[in-house]
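Notes for the one structure printed next.
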Amino acid sequence: MREYTERIREAAKRLLSEQRVDTVIGFRRGTVPFMNEPFLVKSVDQVDQLYWDSNCGINLANYLPKRTDRVAVVAKGCDSRNIVVHLLENQIKRDQLYILGAPCRGMVDKRRMMADLKGKEPLHAEENGKEIKVSGRGFQVTFDRQTYLQSNCAICTHRNPVVYDELLGDPVEEQQGVDRYPDVRRIEAMSVDERWRYFQELIAPCIRCYACRNACPLCYCPTCFVDESRPQWVGKTIDPTDTLTFHFLRAYHVAGRCTDCGSCERACPVGIEVRKFTKKLEKEVKELYGYEAGVTPDQRPPLDTFKPGDPEPFIK
Amino acid sequence: MSDIYISRGKFPEIIGQLMARYRVYAPVLKGEYHEFAKIEKTEEADLGYQNTRLSPKGLFHPHAERMFEYSLVKDDPQAGILKEAPKDFSPRVVLGIRPCDAKAFQLDDVNFDTTAYQDPWWVRRRQTTTLIGLACNEPCGTCFCTSLGTGPFDTAGLDVLLVDTGEGYTAQVLTQKGKDVVGITSGWESVSRTVSEKMEGLRKSAEDSLGRQFDFDPIKQKDMLELFNASFWDEVQFACINCGTCTFLCPTCWCFDIQDEVWGDKGDRIRLWDSCMFPLFTFHGSGHNPRSQKLQRVRQRFMHKLKYYPDKYHNGAACVGCGRCVKFCPVNIDIREVVRRMSATCVCPA
Ligand code: SF4
Ligand code: SF4
Ligand code: SF4
Ligand code: SF4
């Protein structure tokens, strides 16, 4: 994935100097292993800070709403789908955007590499094609990129950007025959009590920091329901009732909009698999309406349209 | 009191002796990370840990604390009267706390324990808790304590400092509280010359591995408004998603909110962690928000830690360099980079 770095810099330089755009949103190299920082380039002399590797899992579409300038943005498959959602929801205008599409082979999961390091601290990580070389005090290991993909990337079926102005590389082969929902089916098969316990345990470590919500491009409401104070809807403690209310409602708010980009899960400081909530709703929307979020720029999402023939088995 | 020593094999007995007299809190492995929790068995304490993900500030300033409770029953003569919610202030030992985290409590004291105001719960917990620290032999790559006036073997905030010397632990007793706690334990020996030399070596290599990662002093000299109005904040703030991760994990972030929660005819007044990163934090009743922009909030976090606090208390920065915010910020905003920018001699326009 590192080869995109040069392509991104070249495009950014060209677009800025030709005054096609005012700014470029990409990543710059992180200060710690497995991390890169979303970065806004405003002038040509900053272009060489742009960087790309398999640690660009944060969704850059999150930085677009309310922008008033002409902006170029690097977009993986999922990011481009979230751009489509933004366009459908009037969060940004297409003619303001210059999309640098990044056909994507998946981002890597920092947490799983950390878990396999078993307490050893990585101090340097360098990606080289299919391998990631990690070293620290007195050790060196090589991780196979493919084995350590983020769990959403491992089941991704839209690696190629769905909208773009130029591509940073040749389209990649889409993964075929992927089963996206084994985990959701496992939860569906649980008894009501089991499932309740499962969710309680899932969110037990949550510290209500809202990194999951804030890393998500879909969460752009001026005031989120959890922050509403006049009147206050949700308690702010870490009591399981309050915390679960937050998670359930957040998931419902992204139903039919979530692209499973994994930004939420990646951002969570305590490693909660918050996609367990959103994937269930993704599956429902797919089964009921045959709809995948952000894939078709010219079709209104099913949850903001009404058709007389809409299935309604959930109304009982 | 001179340093004492105990072999690794006998150390659990010490923990057992402490547990017989005190509530003992120690780093416990929960999932993939350690956190400070009350131990019921000696083997739960895992002193081989690197650093806890959440700082131990919650032991003194809990995430959500029931301060008062009250009744709302109509003809109850006590209705509406706040009564202190029951709390446990029995003597407590925090075992294995890192020197930086202990130092952070001292930095927080200036907020909770002043001549004008004492936060009763913070103060009582501080009084009834003895801090038995554990020196960091192998600081993390994200640590920078030595650049902000503390260090991996700093004794400033501790009652006792333990050093893991391989075959056992040395203990340096630092305060009367420390003396009292060590006094109820037995099995210690005197420190041999080899062990004491080893300890010195460990200290040196730990401190050397940290080095001095930036120069904080220029920030103290600089004009506050020059820093406030600096152009680099625009670049610093871009990636930030304004979550609460950095402030919630930080041992020196003390801000809180107070809320009432009512259930039927009973109510609780609760104190909750709050964060300057949240827009609601400064949202006025009038509807005005003096920090409505992300840039203002990001700047506040760094200016508070690195400029306002040092200027007001002459106590160094409100950061002990534990590195938690560096490690866990989802978008890699690194306070070390921010310090470098703030202390750079020329704040050039971008
Ligand atoms: S909910 Fe999570 S996976 Fe879905 S779009 Fe938002 S950040 Fe991406
Ligand atoms: S990011 Fe994680 S800890 Fe923070 S609110 Fe979301 S689930 Fe909870
Ligand atoms: S600096 Fe990082 S951890 Fe802190 S609020 Fe911003 S994104 Fe969250
Ligand atoms: S600001 Fe960051 S490094 Fe400093 S004490 Fe807080 S969490 Fe630790």
Side-chain angles (χ1 to χ4, degrees), chain A residues 25 27-40 42-43 46 55 57-58 62-63 111 114-115 119-124 136-137 204-205 207-216 219 222-224 226-230 232 235-239 242 263-264 266-271, chain B residues 29-35 48-51 53-54 58 62-66 138-142 209 234-235 237-249 257 259 261 268 270 272-275 277-280 283 285 287 323-324 326-334 336-337 350:
Chain A
I25 298 177
F27 282 91
R28 69 175 159 193
R29 187 159 191 175
T31 58
V32 291
F34 315 133
M35 289 297 285
N36 290 320
E37 179 188 357
F39 179 48
L40 179 77
K42 291 183 159 176
S43 63
Q46 294 172 301
N55 302 299
I58 289 290
N62 193 26
Y63 296 92
R111 264 180 221 110
M114 294 297 274
K120 286 182 296 214
E121 194 198 10
L123 297 175
H124 303 283
R137 269 199 194 99
I207 57 169
R208 299 287 294 273
C209 70
Y210 303 136
C212 52
R213 176 195 68 183
N214 293 13
C216 175
C219 287
T223 308
C224 175
V226 288
D227 292 331
E228 196 58 75
S229 56
R230 298 185 293 190
Q232 183 167 320
K236 289 183 172 296
T237 67
I238 37 173
D239 179 273
D242 293 337
S263 214
C264 47
R266 184 184 179 91
C268 174
V270 299
Chain B
L29 186 63
K30 295 205 174 163
E32 276 166 45
Y33 290 91
H34 288 86
E35 77 186 51
Y49 83 121
Q50 233 187 354
N51 224 338
R53 176 172 50 194
L54 273 169
H63 194 139
E65 163 150 56
R66 280 173 70 236
E138 287 195 355
C140 304
T142 41
S209 81
D234 190 43
E235 194 178 317
Q237 61 100 36
F238 174 76
C240 177
I241 58 171
N242 267 173
C243 63
T245 303
C246 50
T247 53
F248 281 7
L249 267 46
D257 185 20
Q259 297 228 338
E261 283 198 1
D268 285 332
I270 306 171
L272 300 148
W273 288 355
D274 204 347
S275 169
M277 290 291 150
F278 298 156
L280 195 64
F283 188 56
R324 288 184 177 90
V326 178
K327 230 183 220 173
F328 292 101
C329 170
V331 295
N332 188 227
I333 292 181
D334 188 330
R336 297 169 298 181
E337 294 298 320

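This one's a predicted model, so the numbers in the text were calculated from it and none came from an experiment. To find a chain, count down the sequence lines: A is the first, B the second, and so on, and within it residues start at 1.
Both the backbone and the side chain of B/Glu138 come within less than 4.5 Å of a heavy atom in chain A. Contacts of A/Tyr63 with chain B are made by side-chain atoms alone, with heavy-atom separations under 4.5 Å and no backbone atom involved. Of the atoms belonging to A/Asn36, it is backbone heavy atoms, and not side-chain ones, that fall under 4.5 Å from chain B. If you measure heavy-atom distances from A/Leu40 to chain B, the contacts under 4.5 Å come from both the backbone and the side chain. Using a 4.5 Å cut-off between heavy atoms, B/Phe283 contacts chain A through its side chain alone, with no backbone atom that close. Residue A/Arg213 does not touch chain B at all, counting heavy-atom pairs closer than 4.5 Å. Interface remark: B/Ser209 contributes side-chain atoms only to the contact with chain A (heavy atom separation under 4.5 Å). Proximity to chain A (any heavy atom under 4.5 Å) is shown, for B/Lys30, by neither the backbone nor the side chain. For A/Ile207, the parts sitting under 4.5 Å from any heavy atom of chain B are the backbone and the side chain alike. Of the atoms belonging to A/Thr31, heavy atoms from both backbone and side chain fall under 4.5 Å from chain B.
The side-chain hydrogen bond (donor to acceptor under 3.5 Å, both in side chains) test applied to B/Gln50 returns no partner, not counting sequence neighbours. A search for side-chain contact (heavy atoms from CB on, under 4.5 Å) contacts involving B/Glu261 returns A/Thr237, A/Asp242, B/Ile270, not counting sequence neighbours.
The shortest distance between side-chain heavy atoms of A/Gln232 and B/Gln259 falls below 4.5 Å. For the pair B/Lys327 and A/Val32, the minimum side-chain heavy-atom distance is 4.5 Å or more. A 4.5 Å side-chain heavy-atom check between B/Phe238 and A/Ile25 finds at least one atom pair inside the cut-off. Counting heavy atoms from C-beta outward, B/Met277 and A/Tyr210 have side chains that stay 4.5 Å or more apart.
The shortest non-hydrogen separation linking B/Cys329 to A/Met35 is O-CE, 3.1 Å. Considering every non-hydrogen atom in both A/Ala211 and B/Pro330, the closest pair reads CB-CG, 4.4 Å. Residue A/Arg208 comes nearest to B/Phe278 through the heavy atom pair O-CZ, 4.2 Å, listed as atom of the first residue, atom of the second, then distance.
Note: A/Glu37 CD to B/Asn332 CG = 5.5 Å, rounded to the nearest 0.5 Å.
In this structure a side-chain-to-backbone donor-acceptor pair under 3.5 Å is present from A/Glu121 to B/Gly141. Judged purely by atom type and a 3.5 angstrom limit, A/Asn214 uses its side chain to pair as donor or acceptor with the backbone of B/Ile241.
With chain A as partner, the option from B/Leu280, B/Ile333, B/Val331, B/Leu272 having the largest number of non-hydrogen pairs under 4.5 angstrom is B/Val331. Highest contact tally toward chain A, considering only B/Ala64, B/Cys240, B/Ala239, is held by B/Ala239 [criterion: heavy-atom pairs under 4.5 Å]. The candidate from A/Leu123, A/Asp239, A/Ile238 with the greatest count of non-hydrogen atom pairs under 4.5 Å with chain B is A/Ile238.
With respect to the salt-bridge test (charged N to carboxylate O, under 4.0 angstrom), the residues A/Lys236 and B/Asp274 do not qualify.
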